[in-house]
Structures are given as C-alpha cells and as structure tokens.
Amino acid sequence: MQTNFTPAQLTDPQVAESEKILRKCVHCGFCTATCPTYVTLGNELDSPRGRIYLIKDMLENGRPADTEVVTHIDRCLSCLACVTTCPSGVDYMHLVDHARAHIEKTYKRPFMNRLVRAILAAVLPYPDRFRLALKLSSAGRPFAGLLRRTPALKPFAAMLALAPRRIPPASAYAVPASHPAVGEKRGRVAILTGCAQPVLDPGINEATISLLTRFGLEVVVPEGEVCCGSLVHHMGREEQALASARANVDVWTREIDRGGLDAIIITASGCGTTIKDYGHMLRLDAAYAEKAARVSSLAKDITEYLVLLELPAQMPKGITVAYHSACSMQHGQKITMAPKQLLKAAGFNVRDPSEGHLCCGSAGTYNILQSDISDALKARKVKNLEATKPHVIATGNIGCMMQIATGTAVPIVHTVQLLDWAYGGDVTEKLKGLPLA
C-alpha cells in the first residue's frame with residue numbers, strides 16, 4: 001500500500017511503525033474471509049482491510065478520530081484471525097493498538113459510553129473491586145430488561161447477563177507464596193495470578209499449581225503483581241496499560257534475580273498475548289526495554305510449558321472434549337497443537353469444532369461494549385461446539401469460558417483443570433457429572 005506521510009510525521013516512532021505496517025498491505029482481501037465482524041455484518045469497513053484504510057486516512061492526515069473511524073475500530077475484536085490469514089505479514093495487532101490509542105487521545109465519546117468504559121477500566125483490573133461489583137449485580141438483575149431496551153444502558157444489561165449468580169470464595173492460592181515441588185525439584189516458575197480469573201474461577205490457578213508441583217516444579221505467586229494491562233490496552237488507555245506492564249516487569253525481574261525463573265506461567269491466553277508483547281510495548285522506555293524483553297521471552301502459556309515436561313500417556317477415559325481454541329491462543333500466540341496433544345495424551349477424545357478460527361465474541365470487554373455482535377458470534381460458536389456432541393468443552397481463556405457458558409448447558413472448563421484431574425488432582429465441581437469422574 002502506498003503511503004504519504006511527511007518526514008515530520010515519521011519522526012514519531014509510533015507513526016513510523018504504523019507506516020511500515022501499512023506499506024505491507026496489498027489489498028488482497030484474504031483477511032475478510034476470516035474476520036468475524038465482516039462475516040457477521042458484511043460491511044467492508046468492518047473488515048481488517050476496511051479498517052486499515054480508515055486508519056491510514058486518519059494518521060496520514062494527522063486528524064482526530066471521527067465517529068465513523070471510532071464505530072468501525074470499536075467493532076474490531078482484536079481476535080487477530082486476519083494476522084493468521086494474511087499472506088503479506090501485515091502486523092494488524094500493533095496498527096489497531098496505535099489507532100485505539102489515537103482515538104482515546106483525540107475523540108470525545110458520548111457521556112454514557114465514556115462512563116461505561118471508565119467503570120470497566122476502574123473495576124475489572126482490580127480483583128477486590130470486581131468481586132464487590134459481582135456481589136452487587138444481584139440488585140441490578142430485576143432492571144436488566146429495562147437496561148436492555150435503552151441503547152445507552154445496554155452495556156449494563158450485558159454486564160448483568162455475564163455476571164455469575166454464585167461467586168467462588170477467594171482462594172488461598174492467590175496469596176503471594178512459594179509452593180514447593182513435590183519430590184525432586186525440576187525447576188522454578190512464577191504464575192500470573194490475574195485479575196478477573198481468580199474471582200470468577202480460582203480453581204484454574206489451583207489446578208495449575210497442583211499439577212506443576214506434582215511434576216517437580218516450585219511455583220511462585222509473586223508479591224506486588226497487578227493486572228497484565230490487557231483490558232485497558234485494548235480500550236486505548238495506553239498509559240494505564242504501560243503502568244501495569246512496568247509494575248509486573250519489576251515484580252518478575254525481582255523473582256528472576258532472587259532465585260531464577262524457568263518460565264512465567266500464564267493460564268489466561270488473553271493475558272499471555274499481552275505479556276509476550278511487553279518487549280514491544282516498552283521498547284521506547286530506556287529503563288524498561290531490556291527487562292521487558294526478558295520477561296516476554298519467559299512468558300509461557302501453561303499448555304506451552306506442560307508440553308516441555310513430557311507428561312506420561314494415560315489410558316482412554318471415555319470422555320469427549322470439544323476444544324475451543326481462544327483467539328488469543330491460536331492467533332495471538334500461535335499455540336494450536338499443544339493443548340490438544342496434552343488432552344489426547346491424558347486419555348481424552350478431543351474434537352475440533354467447525355469454524356474453529358472464528359471468535360466466540362468474548363474479546364475482553366467486547367461482549368459488554370458490543371453485545372449484539374458478541375451474541376451473534378456466541379450463538380454461532382455454541383452451535384459448532386455442541387455439534388461435536390461433547391461431554392465437556394475445554395479452552396484456555398477465562399473470557400471464553402464465561403462467554404460460552406452463558407449459551408450452553410455443556411460444562412466448560414480450563415484445559416489445565418482436565419489435565420490436573422487426569423494426573424491425580426482433585427475433581428472440580430464442573431467435572432463431577434462426567435462419566436468415570
């Protein structure tokens with residue numbers, strides 16, 4: 001794609017990077033076939049190619065974002081299916097990140113939209129606040145219908161629909177501590193506690209720590225860790241995201257210096273995609289660039305790391321698992337085979353749903369801010385998952401778990417929860433109805 005940025009514009013490193021990305025696009029349109037919003041809406045401006053044109057026009061002309069640009073960028077899930085499909089290697093992820101930051105700086109959203117986004121940014125990344133918000137959600141449920149009928153209030157209705165009616169008690173495993181290896185020690189890893197996940201399903205990290213320690217790993221839950229920054233990063237709140245990144249880089253660097261780390265284990269693939277990008281996000285920060293790159297190199301999804309441990313093969317269990325590959329797993333981190341290999345080796349019958357490349361519609365805060373599109377994608381995803389006739393659905397991202405669970409009666413668990421049980425761990429509540437469980 002031909003670009004026309006001025007030399008003065010290209011002195012801005014963010015603009016210079018976006019210009020290089022734009023020049024790689026050859027207008028081929030392969031991305032449209034795998035873009036969930038284009039497949040759903042059929043609007044060229046709701047495809048990666050259409051958004052690239054809008055971003056190019058906005059940045060080249062050095063103008064503030066307008067309503068048209070914001071509408072179509074906001075509809076982007078950042079699922080990155082287009083990146084997987086693109087034959088030219090267009091780095092759409094960093095281009096749309098730049099566009100969102102530009103929107104946040106130059107566009108004044110309607111009041112209710114600003115309020116909703118401010119609430120999400122002030123609550124979701126903080127476990128105590130999030131837990132309180134979920135407890136208060138029961139008081140709002142009687143008004144869900146009214147909220148749903150009022151466009152400006154629709155995001156609050158979406159929040160209520162997603163909020164679980166039962167909140168698990170806080171887990172002792174979320175408290176900073178070091179969990180020793182069982183038997184001979186094979187290594188030392190840190191685990192990301194997370195922000196929403198330990199509130200919604202603390203059993204995920206419990207299963208992870210249980211499994212890793214049983215196979216000889218010391219697992220450290222570091223003190224001072226905060227939200228990875230993913231949620232606010234995708235809302236264009238770049239300074240808030242970078243502050244979280246710096247805080248976590250400091251925490252993990254301290255653990256590296258204290259006793260060494262073989263890996264930083266992440267059990268939410270959305271967080272993993274962002275943490276693996278810390279090196280890029282902080283590349284212009286002289287005080288953090290090198291440390292952030294080191295942290296990113298150590299970040300590993302739990303399944304990515306478990307493959308290295310060569311867990312023993314198990315006898316067949318007679319349980320069919322539909323594996324949902326989260327977008328942040330398959331497109332963001334390019335991890336496609338490891339989770340399925342682990343589940344098969346553990347004795348599960350693994351099935352791939354049709355249209356596995358398409359997003360379930362969760363995408364961080366997307367199912368709140370763009371609930372209509374999200375609901376359409378969820379219905380499509382659930383139909384394809386249920387068509388495999390599974391006993392259980394497995395995935396590697398808490399957002400996908402919560403999203404899909406609102407559309408099906410089939411139990412959905414994190415991949416590591418199945419693996420922990422298969423290798424001698426406790427049976428989680430969701431698995432108790434399965435055959436042989």
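The structure displayed is predicted, hence computed values, not measured ones. All residue numbers refer to positions in the sequence shown, counting from 1. Reckoned from all heavy atoms, side chains included, excluding hydrogens, waters and symmetry mates.
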Exercise: do [X] and [Y] side chains pair donor with acceptor under 3.5 Å:
{"X": "D277", "Y": "H94", "value": "yes"}
{"X": "S328", "Y": "T273", "value": "no"}
{"X": "S230", "Y": "T274", "value": "yes"}
{"X": "R188", "Y": "S178", "value": "no"}
{"X": "S374", "Y": "Q403", "value": "yes"}
{"X": "S371", "Y": "K154", "value": "no"}
{"X": "Y53", "Y": "H27", "value": "yes"}

CD (E290) with more than 12 external heavy atoms under 6.0 Å: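 No, CD of E290 has 12 or fewer neighbouring heavy atoms, counting only those of other groups under 6.0 Å.
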In chain order, what residues pass the side chain to side chain contact (heavy atoms under 4.5 Å, CB included) check against [X], with sequence neighbours excluded?
{"X": "T428", "value": "Q417, K430, L431"}
{"X": "A81", "value": "T34, C79, H331"}
{"X": "S325", "value": "Y323, M329, Q330"}

Short side-chain to backbone donor-acceptor contact, T253 and D250, under 3.5 Å: no
R254 side chain vs E223 backbone, donor-acceptor pair below 3.5 Å: yes
Carboxylate-amine/guanidinium contact [X] [Y], below 4.0 Å:
{"X": "D57", "Y": "R63", "value": "yes"}
{"X": "K276", "Y": "E304", "value": "yes"}
{"X": "R23", "Y": "E19", "value": "yes"}
{"X": "R246", "Y": "D285", "value": "yes"}
{"X": "R166", "Y": "E429", "value": "no"}

Sequence neighbours excluded - ring pair (Phe, Tyr, Trp, His ring centres under 6.0 Å) pairs with any residue from residues 186-208: none
Residue pairs, two or more places apart or on separate chains, that pass ring pair (Phe, Tyr, Trp, His ring centres under 6.0 Å) and touch residues 202-222: F215-Y423
Taking all atoms of both residues into account, what is the closest heavy-atom pair of [X] and [Y], and its distance?
{"X": "A122", "Y": "P125", "answer": "C-CD, 4.5 Å"}
{"X": "T388", "Y": "L385", "answer": "OG1-O, 2.7 Å"}
{"X": "L77", "Y": "P36", "answer": "CD1-CB, 3.6 Å"}

Any residue meeting ring-ring contact (aromatic ring centres under 6.0 Å, His included) with H98, in chain and number order, not counting sequence neighbours: none
Residues H179, Y173; criterion ring pair (Phe, Tyr, Trp, His ring centres under 6.0 Å); working and verdict: CA-CA 9 Å; H179 301 271; Y173 284 84; 5.1 Å; yes
